[in-house]
Structures are given as structure tokens and as C-alpha cells.
Undergrad: 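Below are the C-alpha cells for one structure; questions will follow.
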Amino acid sequence: DPINPIGGYTEGQMAYLIQGKLYRYDANGKPRRDLVEEADVSSDGKTVTHKLRAAKYSDGTNIVAADVVNAFERWVGSKRSASYIDAVDKVVAKDSRTVVWTLKRPYPDFNFALAQEFMGIHPAGKTDTEAKAKEYFKDPVAGGPMMIKTFTPGTDSFILVANPNYWAKVAVKQVDFVAIPDPVTRVIALRQGTIDYAFDLPGAIARGQLADKNKYRFTPTQAQGTFTLDFNLRASTPGGAKEGSPLANVKVRQALSYAANRKQMGQVAFFGDVSPGCSITWANSPLATCAIPTRTKQDLDKAKALLKEAGYENGIDPATKAPIAFNLTVFNRPGWADAASLLAADWAKVGIKATVIPQLDSVGSAAQTSGDFNVQLSGGTGQIPTLLLRTYYGKTGAWVVWAGSKSDDSALDAIDAAPAADKKKLIADVEKAIWAEAAHIPLGQRFWFGVTTLPAGVFTNIKGNDTYVVKSTPPLS
């Protein structure tokens, strides 16, 4: 259940292949019609009508419009990435195969939101209450290209087989998901032939150990996302910056940005695969605009000067007579903890002490919600800039909620509504506002390195996020 994954982060990833989807991302991160047969948008852009295919779930029951409405209502109730769907006023099932959406404003990128994993279509009668959903997701049916063969709730044991009732013919007969937490062990498993595809590998090790191009195909991905430093400004939470403390001071947060050696982080921790960045919008996007005055360049003198202006000369907190100190938590993924250690070393040069704490995804995710963190090295993705910016600057954006930072939905709505020629300037204004508060500091463009023994296009992660797509005939359109 992507709305309430009891097995942790990977369960949400795996669920994407079994969900019914109005729109499904293709390998390039573009939303394509899946269960939508026809789509119509009114002249004012505020009414969207979807005609559904005559499709069935894996158990042979019909997929109906009421299931779509229920899926959306479950997403709204979960409040997960709620900023993606703030534009929706209401949705109704006009008949069994017609869904009508009423929007508060034109939303040209609505399909990108509908393709998110949170919009998973399942039978309404079995998921319209929390109690029903809890029982149903122990053995759910599928409206997507794959269906469950074996699933042990609360674990990463997950085997999928092709859904015979899917509207298209699926090229993959079976997918066995294998949990291998250690990234080097994933490389070894590929080399030994015990797995066919591995996602998020240490690039240098994988390139060296799996260099035989006759056996292995590399799938490096410059993701549509950004590594960020995110500060907990929720003073009432366990790790939140209290009023008058160093991290509550914007100049201290900006000093940490100036002291960061982004180029070194990308080259050393990620073996040159991560491009330095100075905007929340990913670095190689044509709409990216840097708001940090020194761009990606490290400036220790500027960092020291800002600390002095803030009353923390040489990084010393006058309240404690000791260096500014905080915990820097980080998901324990390939390169991430190394990047955090490099940043801590950068900050030590200006007198600040950061203790790096690598965490499992499930632990780090729980801490985001509870506020049990000071600063987190994290990363967001979004197939288009406004989806990513809504995470960091939308009223219900995930990092706005977790950090307690400022938001401005009207500025983001203006970007969505603007003609293409005007979007870059409006995005630049948002980037400036985010930098002015410095609750979210961009570091570089997210990257992941995968390797497979499979032919191209058969099974791969979706560019821009870390869910999966399988080949089908006819293809998504």
C-alpha cells in the first residue's frame, strides 16, 4: 500500500508495477496513458475528463471510475506529497468508465501528478476504509502490468508475475525482488549471476567489477532531482532548532552552504557522477537558475564572515563557549554517507562540528516525520521543476512540512500557468526566496548507477525517480 507502506521505502517502489494507473511513467519519466483511453481538457483548463479503458483487475473484476475516485481520496487523506494535487477541487465518477476532474486553476502538468505512486488504483469496495485497506493489502489484486505471486507483509520478500488481464501484453513473465542492503554485495551478486538487475550501485566499484560489455549493460541516470541539506526549524520537535540557537540563524545556514565544497563532494563521494548544483531545480535542467551568489564555488572566507556577523566568530557558540555542533543524518545509500563526511570536514575548517549519522531509509524517513533530526543530507526528485519545487516551497510539500520552512503556493501556481518563455524567470524568483531562508541548501544533481544483464527497455527504473517500468505491447501512449 503506497499510502501506508508497512515494509518501508522499498515497498512503495515495488507497488508501482501492480497499481492501476491513469497515467504511468515511461522509462524517460514522461507520463503516458495507461488506464485512460481518452482524455479531454476544457477550453479554460479547469475540467479534465478521462474515459477509462474497458480494463479488468487480475482477478477478473472490472476497473471502474469509482475506484479512481477512491484512490484519489485515499491520497488526499494520506497528505503524502499533497502539494502535487492542491490544484484539484473535486473528482466524480460520471459513470462506470468516466472520471471528471474539476480543478481550481489550469494545471498543464496534471498528468505528472496522476502518474505518481500515491495514485494507485485498487477496488474501492475493499479499500475505502482504513480497516478494509489494511486487510486487502495483505493480498491485493493488480490493475497494473504485474501481479503478486508471493508477498510477506512487513518484509522485502516480493515476487511478481505478469498480469494476464492487463490491457497490454507484458514482456516480463516474473520479477523476484531481492533485498540486498549492502551496495557492494549487490555488485557481487550481479557478477555471480544471482541477480539480473541492480539499482543504485557504487559507480567506481561497479564499473571495475562489471566491465565486460558483453555481459553487463550500464544504466547510469542523471536524475531529475537534487541533493539538499535540509534544516529542522520546527522548534517543538526533538531535533528542531530552538529560538536563538545557531541553526535558527539564517546566516549560519548560509555559511554552511558557502563552506561546502560541492565539486569535491561530486568527484570523491560519487566518483564524478554527481554534478555540483546551486538550485533546487536539478543542475542540467534548462530552467535551473542559481540563487547562491558564489554559485557552486566553495568560499570559506565568506562563510567565516557570515558566522562573525551572526555572532559566532570562528564557529564558536557564545552561549556554550564551544564550537557550533549538530548531527547530520543521512540515508545509508551509495556515496551519501561519504558525501556527508566530506561536508563535515568542510565545516570543520570554519570551526563547526557536525557528527555524521548514517541511517536506514526507514529510520531516516521516520525521523523526518517526527522531527528527530537537526540537519539531513537528503534529496528530492520530480519529473518537472515545479513538482520538485513544490516539495521544498509548496504549503503541503514534504520538506516544507518536515523542516517547518516557508512556502508560497501562489508563486508555484504562477509557474504552472505561465507560458514556457516566462517560466525560467518565475522559477528564479522562487529559487531566490528559498535561498533567502536557506532552510534547504542545494548541493548537486542526484544520480544513480544501475547495471543489468537484460536487453534494453525490458525492465528498468524510471528516469527521475526510483520506481520501475516493464516493456509492454502495445506500449504506453
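Each residue takes its place number in the sequence, starting with 1.
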Undergrad: Do the rings of His440 and Tyr392 sit parallel, tilted or perpendicular, given the 30° and 60° boundaries?
TA: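 Rings of His440 and Tyr392: perpendicular, over 60°.
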Undergrad: Report the relative orientation of the aromatic rings in Trp101 and Phe110; use parallel for angles under 30°, tilted for 30 to 60°, perpendicular for over 60°.
TA: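 If you compare the ring of Trp101 with that of Phe110, the planes turn out perpendicular.
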Undergrad: Could you verify whether a donor N or O on one side chain and an acceptor N or O on the other, from Asn284 and Gln445, lie under 3.5 Å apart?
TA: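 Asn284 vs Gln445: donor-acceptor pair found between side chains.
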Undergrad: Report all side-chain donor-acceptor pairs from residues 286-298 shorter than 3.5 Å, counting only partners two or more places apart or in another chain.
TA:
| residue | atom | partner | partner atom | Å |
| --- | --- | --- | --- | --- |
| Gln298 | NE2 | Ala259 | O | 2.8 |

Undergrad: Does a side chain donor of either Tyr393 or Asp409 reach within less than 3.5 Å of an acceptor in the other side chain?
TA: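 Side chains of Tyr393 and Asp409: no pair found under 3.5 Å.
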Undergrad: May I ask you to check whether Phe447 and Phe270 place their ring centers less than 6.0 Å from one another?
TA: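 Between Phe447 and Phe270, the centre distance exceeds or equals 6.0 Å.
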Undergrad: Could you list the residues that satisfy ring pair (Phe, Tyr, Trp, His ring centres under 6.0 Å) with Tyr468, not counting sequence neighbours?
TA: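 Ring pair (Phe, Tyr, Trp, His ring centres under 6.0 Å) check on Tyr468 returns Phe177, Phe459.
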Undergrad: Keeping the roles fixed (side chain from Lys423, backbone from Ala418), state whether a donor-acceptor pair exists under 3.5 Å.
TA: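 Yes.
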Undergrad: Would you please say whether a donor-acceptor pair under 3.5 Å links the side chains of Asn232 and Thr237?
TA: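 Short answer, yes.
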Undergrad: Can you check whether Trp402 and Phe373 have ring centres sitting under 6.0 Å from each other?
TA: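 No: the rings miss the under 6.0 Å criterion.
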Undergrad: Counting distance only, does the side-chain N/O of Arg253 pair as donor-acceptor with the main-chain N or O of Asp230 below 3.5 Å?
TA: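 Not confirmed, Arg253 side chain does not pair with Asp230 backbone.
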Undergrad: Side chains of Arg24 and Thr467: is there a donor and an acceptor less than 3.5 Å apart?
TA: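 No, because no side-chain N or O of Arg24 sits under 3.5 Å from a partner of the opposite role on Thr467.
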Undergrad: Please tell me whether Tyr258 and Trp435 form a close aromatic pair, meaning their ring centres lie under 6.0 Å apart.
TA: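 Yes; Trp435 has its ring centre under 6.0 Å from that of Tyr258.
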Undergrad: Do Gln19 and Glu117 have side-chain atoms, one donor and one acceptor, less than 3.5 Å apart?
TA: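 No donor-acceptor contact under 3.5 Å links the two side chains.
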Undergrad: Tell me which one of Asp413, Asp408, Asp86 satisfies salt bridge (Lys or Arg N to Asp or Glu O under 4.0 Å) with Arg390.
TA: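 So the option named by the test is Asp413.
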